[in-house]
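The structure appears right after this line, and notes come after that.
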Amino acid sequence: QVQLVQSGGGLVQPGGSLRLSCAASGFTLDDYAIGWFRQLPGKEREGVSCIRSTNGRTYAADSVKGRFTISRDNAKNTVYLQMNNLKPEDTAVYYCAADNDWGEPICSLITPLGFNSWGQGTQVTVSS
C-alpha cells in the first residue's frame, strides 16, 4: 500500500524555522517526483516546492525562494522541507505529494493536479 506519512510542523514565531518530513512506505521515494503544497481554509492548494527523481533538480515558488529548501534522504526514504525565516503568511496546512516523474512540468508548474498520492497534512502556524 502506497502511503506518505508527514511529521513536523507546529507553532513558531516569525523569523523562526521548522522542518517538515514526508516518509514513504510501500514505494521508493527516489523513483518519484515529490512536491510540497500548502492550503488555507477556503483557498486552493498551492505549490511550494518540488524535487524531481530523474535529475534531483529542485523547484520553489517565488514566495518561498531563498527561505525554503526541499531535500531527499534516500536511505530514510524521506523528503524534507526546511523552512527558514518564516512569515505569518506562511501559515497553512502543508501537504507532501508524490507521482511519477513524467517530465519537467510536474515540478516546474508545481500544480496539485500532477500528483496522485498525498500525505495527511500538517499545520504550520507562524505567529508571535
Following the transitive rule for hydrophobic clusters with a side-chain heavy-atom cut-off under 4.5 Å over Ile, Leu, Val, Met, Phe, Trp and Tyr, establish whether [X] and [Y] coincide in one cluster.
{"X": "Val93", "Y": "Val124", "answer": "no"}
{"X": "Ile110", "Y": "Ile70", "answer": "no"}
{"X": "Tyr80", "Y": "Tyr59", "answer": "no"}
{"X": "Tyr95", "Y": "Val48", "answer": "no"}

Aromatic plane relationship, Phe37 with Trp118 - under 30° parallel, 30 to 60° tilted, over 60° perpendicular: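 Tilted.
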Any side-chain to backbone donor/acceptor pair from [X] onto [Y]? Under 3.5 Å, distance only.
{"X": "Thr122", "Y": "Gly8", "result": "yes"}
{"X": "Glu104", "Y": "Ser108", "result": "no"}
{"X": "Thr78", "Y": "Lys76", "result": "yes"}
{"X": "Thr28", "Y": "Asp30", "result": "no"}
{"X": "Asn77", "Y": "Ala24", "result": "yes"}
{"X": "Gln13", "Y": "Ser128", "result": "no"}
{"X": "Thr91", "Y": "Val126", "result": "yes"}

With rounding to the nearest 0.5 Å, note down the distance linking [atom1] in [X] to [atom2] in [Y].
{"X": "Ser49", "Y": "Leu20", "atom1": "OG", "atom2": "CG", "answer": "11.0 Å"}
{"X": "Ile106", "Y": "Asn100", "atom1": "CD1", "atom2": "CG", "answer": "7.5 Å"}
{"X": "Gln3", "Y": "Ser25", "atom1": "CD", "atom2": "OG", "answer": "4.5 Å"}
{"X": "Asp99", "Y": "Cys107", "atom1": "CG", "atom2": "SG", "answer": "10.5 Å"}
{"X": "Cys50", "Y": "Asp101", "atom1": "SG", "atom2": "CG", "answer": "8.0 Å"}
{"X": "Gln82", "Y": "Arg67", "atom1": "CD", "atom2": "CZ", "answer": "12.0 Å"}

Which pair of non-hydrogen atoms, one from [X] and one from [Y], has the smallest distance, and what is that distance?
{"X": "Tyr94", "Y": "Gln6", "answer": "O-NE2, 2.9 Å"}
{"X": "Leu29", "Y": "Arg72", "answer": "O-NH1, 2.7 Å"}
{"X": "Gly35", "Y": "Phe115", "answer": "N-CE2, 3.6 Å"}
{"X": "Asn84", "Y": "Ser17", "answer": "OD1-OG, 2.9 Å"}
{"X": "Gln123", "Y": "Thr125", "answer": "NE2-OG1, 3.3 Å"}

Could you check whether any side-chain heavy atom of [X] comes within less than 4.5 Å of a side-chain heavy atom of [Y], counting everything from C-beta outward?
{"X": "Ser53", "Y": "Asp31", "value": "no"}
{"X": "Pro88", "Y": "Ser127", "value": "no"}
{"X": "Ile51", "Y": "Arg57", "value": "no"}
{"X": "Thr69", "Y": "Leu81", "value": "no"}

Ring centre gap for Trp36 and Phe68 strictly below 6.0 Å: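 Not close enough - the centres of the two rings lie 6.0 Å or further apart.
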Electrostatic pair Arg38:Glu46 at N-O distance under 4.0 angstrom: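 Between Glu46 and Arg38 there is a salt bridge, with a charged N closer than 4.0 Å to a carboxylate O.
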Sidechain N-carboxylate O distance under 4.0 Å for Asp62, Lys65: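 Salt bridge between Asp62 and Lys65, a charged N being under 4.0 Å from a carboxylate O: yes.
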Neighbour count >12 (heavy atoms, 6.0 Å) for atom CD, Glu89: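 Above 12, so yes.
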